[in-house]
Amino acid sequence: MAGKKNNTAIKNSPKHLLGIQNLSIIEAKEILEEAKEFIKLNRSDSKKLDILRGKTQINLFFEPSTRTQSSFDLAGKRLGADVMTMNMDNSALKKGETLIDTAMTLNAMHPDLIVIRHQDSGAPNLLSQKVNCAVINAGDGRREHPTQALLDALTIINRKGKIEGLKIAICGDILHSRVARSNIYLMNMLGAEVNVIAPKTLMPKSIDRMGVKPFTDMKKGLDGCDIVMMLRLQNERMQGSFLPSKREYYEFYGLTPEKLKFASKDALIMHPGPMNRGVEIDTKLADDINVSLVKEQVELGVAVRMACLKRYCK
Amino acid sequence: MAGKKNNTAIKNSPKHLLGIQNLSIIEAKEILEEAKEFIKLNRSDSKKLDILRGKTQINLFFEPSTRTQSSFDLAGKRLGADVMTMNMDNSALKKGETLIDTAMTLNAMHPDLIVIRHQDSGAPNLLSQKVNCAVINAGDGRREHPTQALLDALTIINRKGKIEGLKIAICGDILHSRVARSNIYLMNMLGAEVNVIAPKTLMPKSIDRMGVKPFTDMKKGLDGCDIVMMLRLQNERMQGSFLPSKREYYEFYGLTPEKLKFASKDALIMHPGPMNRGVEIDTKLADDINVSLVKEQVELGVAVRMACLKRYCK
Amino acid sequence: MAGKKNNTAIKNSPKHLLGIQNLSIIEAKEILEEAKEFIKLNRSDSKKLDILRGKTQINLFFEPSTRTQSSFDLAGKRLGADVMTMNMDNSALKKGETLIDTAMTLNAMHPDLIVIRHQDSGAPNLLSQKVNCAVINAGDGRREHPTQALLDALTIINRKGKIEGLKIAICGDILHSRVARSNIYLMNMLGAEVNVIAPKTLMPKSIDRMGVKPFTDMKKGLDGCDIVMMLRLQNERMQGSFLPSKREYYEFYGLTPEKLKFASKDALIMHPGPMNRGVEIDTKLADDINVSLVKEQVELGVAVRMACLKRYCK
């Protein structure tokens, strides 16, 4: 009897947040609307609700992460969930267990939410087919990082009042960036015009099929943009065939006050963090509270994750 | 005054769960009965009680573990305890502290429960003599893993309705297995007939004194069994003098559909996990929901641990 | 709007616990008085309050620590806070983030308390200038460890009824010890007479300016002392130019029953832990419940930290 219930429950599975690609515009707007309430909560004296009391959230991180993991951890706790974080980079897989074995084990413990970050594109999708609970993608390989795009959208709306009609530049390692992919989907969906800027070696072929305009000349790509999203340059790309040198990258693709002048005069800067100062962004620009939204992105990230946890839980 | 209280409190120490060997049949049955309630709770919408609110549970893991640690962590949180998990494989013992020093330190912080996993047989017993709180053994060396045996018993009862009169085979590295030892004690106590199956090098001498029948021929050992418990083959045994090769082990002691035919026709398979597919068990059998109870074991493990935490706390 | 609030909030920043040096005698006494209530709570059946419900406490540990981290973790949980512990020795700084970047990120998540341990002297002060929440120093480089000194004071008061007029010896690696510095400030402030005992190589120059009497002869330094605080000898000092050998250190500066006779006849021993038995202290003395306050220090440490978390939170 017990086993039966276990085996059939997978049929009426709840919905998951696997990527922006699977999200409707209505769903995206509802999440953003709900998140606004949590911005207020997080700024208030008492940051605790009972919405997820009695629910179990498991954070399953196969890649280390300071900010995303912390953000989901606090989001769950502030909603009253029991939160368990598992850093899987070391212990679990030493014993040779597969992702699916781990998933089945955790699933049997009746979590209501699994938040997963994994180095392989598609891992959250695979997971979602094997478990009864909601799966939230916290970044998978080069594919998607949907909560990052949602928090970026919320930050823009919070500052500019809207996304529709804005011109947004995304600049950096477009080829390997899940942040870029999720943002391209979401900003397009919400009515922005998107430019992507990258050296040829870091620009995906047929990127124009994603509805964006590609630029290898940063100044041209920034022209008239309201928002400049800089991507983190992964250390592993800096050496090897993708890039000649950090210095040269900064010269051509690092955001400096001079290059920023090509954007709209009230342009704002975003970065998913952590920043490589002096590589993809000038350190003064990064800290300039008049143009940099970096801190606000982190702040609103907790709110967006609270909205997602609440929405997808059961 | 403070010190006095501290020093005398050890006299009226609470009881501990150190092993099945120390457990009476009444205690075992009470734990299993209590756990049934928690199975229901864990399958319900709201998995949270206040039974251990105000209590402090410390998980002290000297060996890494995904499933046992997660299981105890969620069990404690769902009962409302404040849970602190300490992975001691790295940080603490670097400074040269002994188990007892660590225990005395933690004890002074007034935990109500310490859950300990340790590579040395008897470590939980030593610990229990030094602290004022209840100690739950989560696996010690080659000695005992009592909550594993209890969850196995609960799983069997859940499926077969009883343990008394059943014929149970335990197969694998009997010599080094704390899971085997705890299960031999418990299944015997609850009225099952137990066969143990292992190659000679992995079979303890005078195992028959434990009230079981030893077999080196797996087919003979499985004859008529209702339950087949497969043990995990530790990687460190696979090379060296204990075993010729993985391939040969699988040939003689791996559970395959062919060998399973020698057991009772409605025989069910168990494994404490994580499984070495293709070593001790055929991968299809492992995933066959008609015969494999592996997921149910994990599920009921949380319930059994909740029952133990509740029982032994104060 | 959101950003504005964020940027101005730093002006009316709350107060921090950065060191005993910044603490007034009134503040110290209030903390100690408040802590007494928490001693009782921690010894009671139900160790849980709602004082910090809705508050977020982040433990940011750049150096590993068993007891201090556990102590702050339990202190926060027992007060009802949402506690998140981050071990920063590995993951976060791998990506090249600075302390300040990490701080700004965490600050944006609206914690109410950050407890920081860092290998650099002054790190908590720097942090406190960058964040909106209260910062509690859990040990910074060679500078201060204020909660250790406060728990030591509480332990002495608990046993001796007072600190004023007592004669206290602090013995060991005075030069590198933040525990020594914080205790010198606090014990002086509370009216004790302080002797410091160390070999010349481990005694700071012009230590007498701190209002203490320096001794290189342990027996003379212990003369008539009511409290003997032994410091932990760091392993890294044991080899190299500071000390000839462990053996010789024990001979001259290890606390033995013979040397203890030079102190007052009802002298009590303290140690911040973990102890190097046979190096700075005789193992029997360390465990002698008639003279050693080591366990009580750990116990009262949780109470002192609860008092600090409560006081500095908003």
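Just so it is clear: chains get the letters A, B, ... in the order the sequence lines come, proteins before strands, and each one is counted from 1. Predicted model, so just to flag it, every value in this text is computed and none were measured.
The shortest non-hydrogen separation linking B:Lys77 to B:Lys48 is O-NZ, 3.0 Å. Residues B:Gly76 and B:Leu309 approach most closely at N-CD1, 3.5 Å, considering heavy atoms.
Heavy-atom pairs under 4.5 Å with chain A peak, among B:Ser71, B:Ala286, B:Ser46, B:Ser70, at B:Ser70. In terms of heavy-atom pairs under 4.5 angstrom with chain A, the leader among B:Leu49, B:Val294, B:Asp45, B:Val83 is B:Asp45.
With salt bridges taken as basic N to acidic carboxylate O contacts below 4.0 Å, one links B:Arg277 and B:Asp287. The existence of a salt bridge linking A:Asp82 and A:Arg53 is excluded, since no basic side-chain nitrogen approaches an acidic carboxylate oxygen closer than 4.0 Å.
Atom NZ of B:Lys160 sits in a crowded spot, with more than 12 heavy atoms from other residues, nucleotides or ligands closer than 6.0 Å.
Contacts between B:Thr85 and chain A at a heavy-atom distance below 4.5 Å are absent for every atom of the residue. Both the backbone and the side chain of A:Met84 come within contact range of chain B, with heavy atoms under 4.5 Å apart. With a threshold of 4.5 angstrom between heavy atoms, B:Arg78 approaches chain A through its backbone and through its side chain.
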